[in-house]
Asker: 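Provided herewith is a single structure, encoded as structure tokens, for subsequent inquiry.
Small disclaimer: the values here were computed from a predicted structure and weren't measured. Numbering starts at 1 and runs along the sequence shown.
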Amino acid sequence: MASPPSPENSVPSAHSPNRHDPILPTHSAGAAGAPAEGGLALRFSDALSFSSGLAAAIGGALSLCASRLLVAPESARSAVLVVAGAFIIYSLDRLRDIERDIRTSPLRTAFVQTHRTILVAATGLAGLVLLLGLAGAPARTILLCTAIGGVGFFHRRLKGRAMLKTVYVSVAWTLGLIGLPVSAAPQTIRFESAAGLALILLATLFANLIASNLRDDETEALRDQPTRALWIARLAALSGVAIALLFSQLESQLGPERGLALGLVPGPEQGAARAIFPAVWIPVAELLALVRFRPTERYGHSIVDGALLFGALATLLHSTLIGLVR
């Protein structure tokens, strides 16, 4: 397979970066096919991000958060399905769309081209894991996974439309993260808690995807007003924080009895149930990543996307500490 073109020969962006505007995309210098420079930590970070491993890790961590906060059964199955599904969808997109991605994500595309055989094998293994995870699952879980997989299959044709991409990808992620725990045992999940957590995740993922569009320089609408788009992303993440704080305030104002009725506080039948407030760390982490946003591949993957993983881990830690105190 031919090596990726050098910056001098690569297809230029529709809008050349303006050095006076730090929001406009500025792809990494050096040959697109050059291996990652730097130490072991940087090479590991690139491998994790460019191989779809980070997307899978984010999905798994967020799924565990949702199952824990909603006190849903079969949390391991839900996490496995999200991990495998995310890896398959993102890997297939990167393996199939080399020609387009070489312009928007040259470093990632060079990694995919170099390690194509390994990625194909890993994707096949993830498919096997997905099938094993679906074995014995309720029909509604299988139907939900099929629907999300269908969206992922058509992602390649739709992702050039900024607003559409931002909406359907964030909705698909939210459906997977909340829908899988709910589908495992809908009768045990309180609707208000699930709805509140879904809104927090949806707002945060919406913010993340706007930043992704800015980084990729894929769409005309965002290229025209990048600063405005970035502020919309920050406001979306801030709204996720506000929703979590609102639920926390409702819990304290309504009192234990009414809070229990709304699913905002745990009841005795829920054992170590948690309120959904710990999920506030997810939009907080994303908001912090957007404060000093830089439209480069590594910042977009490692910092903007990595913030979702950091927020999920902080949520799990917070929830665990609450359980220990109670």
Asker: Looking at Ala314, is its backbone amide N or carbonyl O close enough to the side chain of His318 to form a donor-acceptor pair, meaning the two atoms are under 3.5 Å apart?
Answerer: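 Between the backbone of Ala314 and the side chain of His318 there is no qualifying donor-acceptor contact (under 3.5 Å).
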Asker: Could you measure the distance from the CZ atom of Arg190 to the CG atom of Leu197? Nearest 0.5 Å is fine.
Answerer: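 Here the rounded value is 15.0 Å.
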Asker: Donor-acceptor pair, distance only, cut-off 3.5 Å: does the side chain of Thr141 make one with the backbone of Ala137?
Answerer: no
Asker: Just how far is it from atom CD of Gln113 to atom CG of Leu95, taken to the nearest 0.5 Å?
Answerer: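 Here the interatomic distance stands at 10.5 Å.
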Asker: Testing the basics here: between Phe247 and Glu192, what is the closest heavy-atom pair and its distance to 0.1 Å?
Answerer: CE2-O, 3.6 Å
Asker: If you measure from CG on Asp97 to OG1 on Thr109, what distance do you get to the nearest 0.5 Å?
Answerer: 8.5 Å
Asker: At what distance, to the nearest 0.5 angstrom, does CG of Leu175 lie from CG of Leu180?
Answerer: 9.5 Å
Asker: Would you mind reporting whether Leu81 and Cys145 have side-chain heavy atoms less than 4.5 Å apart?
Answerer: yes
Asker: So, are Arg94 and Asp101 salt-bridged, with charged N and O less than 4.0 Å apart?
Answerer: no
Asker: What are the two closest non-hydrogen atoms of Ala312 and Leu62, and how far apart are they?
Answerer: CB-CD2, 3.7 Å
Asker: Do Phe293 and Leu214 touch side chain to side chain, with heavy atoms closer than 4.5 Å?
Answerer: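 The answer is yes; the side chains approach within 4.5 Å.
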Asker: How far apart are the closest heavy atoms of Ser319 and Arg68, and which atoms are they?
Answerer: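 Taking Ser319 first and Arg68 second, the nearest heavy atoms are OG-NE, 3.2 Å.
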Asker: For Tyr299, look at atom OH and say whether over 12 heavy atoms of other residues, nucleotides or ligands are found less than 6.0 Å away.
Answerer: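 Buried by this count: over 12 neighbours within 6.0 Å.
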Asker: Is there a chain of hydrophobic side chains (I, L, V, M, F, W, Y, each step under 4.5 Å between heavy atoms) that links Val83 to Leu205?
Answerer: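 Unlinked, Val83 and Leu205 end up in two clusters.
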Asker: Could you tell me the separation between the CZ atom of Phe111 and the CG atom of Asp46, rounded to the nearest 0.5 Å?
Answerer: 8.0 Å
Asker: Using a 3.5 Å distance criterion without hydrogens, assess whether the side chain of Thr204 forms a donor-acceptor pair with backbone atoms of Ala237.
Answerer: no
Asker: Under a 3.5 Å threshold, yes or no: a donor from one side chain and an acceptor from the other, between Asp305 and Ser49?
Answerer: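 No donor-acceptor contact under 3.5 Å links the two side chains.
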Asker: I'd like to know if the side chain of Arg234 reaches the main chain of Leu290, judged simply by a donor and an acceptor atom lying under 3.5 Å from each other, with no hydrogens or angles considered.
Answerer: yes
Asker: Just so I know, are the side chains of Ile89 and Asp93 near enough to count as touching, which here means a heavy-atom distance under 4.5 Å?
Answerer: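 Ile89 does not reach Asp93 side chain to side chain.
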Asker: Can you name the nearest heavy-atom pair linking Arg140 to Pro186, along with the distance?
Answerer: NH2-CD, 3.4 Å
Asker: Following the transitive rule for hydrophobic clusters with a side-chain heavy-atom cut-off under 4.5 Å over Ile, Leu, Val, Met, Phe, Trp and Tyr, establish whether Ile142 and Phe153 coincide in one cluster.
Answerer: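 Looking at the clustering, Phe153 is in the same group as Ile142.
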Asker: Take Val71 and Thr188 through the test side chain to side chain contact (heavy atoms under 4.5 Å, CB included) and record every step on the way to the result.
Answerer: CA-CA 8 Å; Val71 201; Thr188 67; over 6 Å; no
Asker: With heavy-atom distances below 4.5 Å as the criterion, would you say the side chains of Leu42 and Arg298 are in contact?
Answerer: yes
Asker: Got a second to check how far Ile200's CD1 is from Leu202's CG, nearest 0.5 Å?
Answerer: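 Between Ile200 CD1 and Leu202 CG, I get 11.0 Å after rounding to 0.5 Å.
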Asker: Step by step, work out the side chain to side chain contact (heavy atoms under 4.5 Å, CB included) result for Val151 and Val171.
Answerer: CA-CA 10 Å; Val151 173; Val171 169; over 6 Å; no
Asker: Leu177, Val80: one ILVMFWY side-chain cluster at the under-4.5 Å cut-off?
Answerer: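 Unlinked, Leu177 and Val80 end up in two clusters.
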Asker: Going by heavy atoms in the side chains, are Val304 and Ser212 under 4.5 Å from each other?
Answerer: no
Asker: Let me check something: do Leu287 and Ile210 share a hydrophobic cluster, defined by ILVMFWY side-chain heavy atoms less than 4.5 Å apart, either directly or through other members?
Answerer: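 The answer is no; the residues belong to distinct hydrophobic clusters.
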Asker: Considering non-hydrogen atoms only, spot the tightest contact between Leu201 and Thr174 and give its length.
Answerer: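 Scanning both residues completely, I find the closest heavy atoms to be C-OG1, 4.2 Å.
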Asker: Under 4.5 Å between side-chain heavy atoms, counting indirect links through other Ile/Leu/Val/Met/Phe/Trp/Tyr residues: same cluster for Leu235 and Ile282 or not?
Answerer: no
Asker: Are more than 12 heavy atoms from other residues, nucleotides or ligands located less than 6.0 Å from atom CH2 of Trp173?
Answerer: yes
Asker: Is there a donor-acceptor pair under 3.5 Å between the side chain of Glu297 and the backbone N or O of Leu107?
Answerer: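 Side chain of Glu297 to backbone of Leu107, a donor-acceptor pair under 3.5 Å: yes, one is there.
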Asker: Would you please say whether a donor-acceptor pair under 3.5 Å links the side chains of Ser63 and Ser78?
Answerer: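 No, Ser78 and Ser63 have no side-chain donor paired with an acceptor closer than 3.5 Å.
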Asker: I need the minimum non-hydrogen distance between Ser170 and Phe206, along with the two atoms involved.
Answerer: CB-N, 3.9 Å
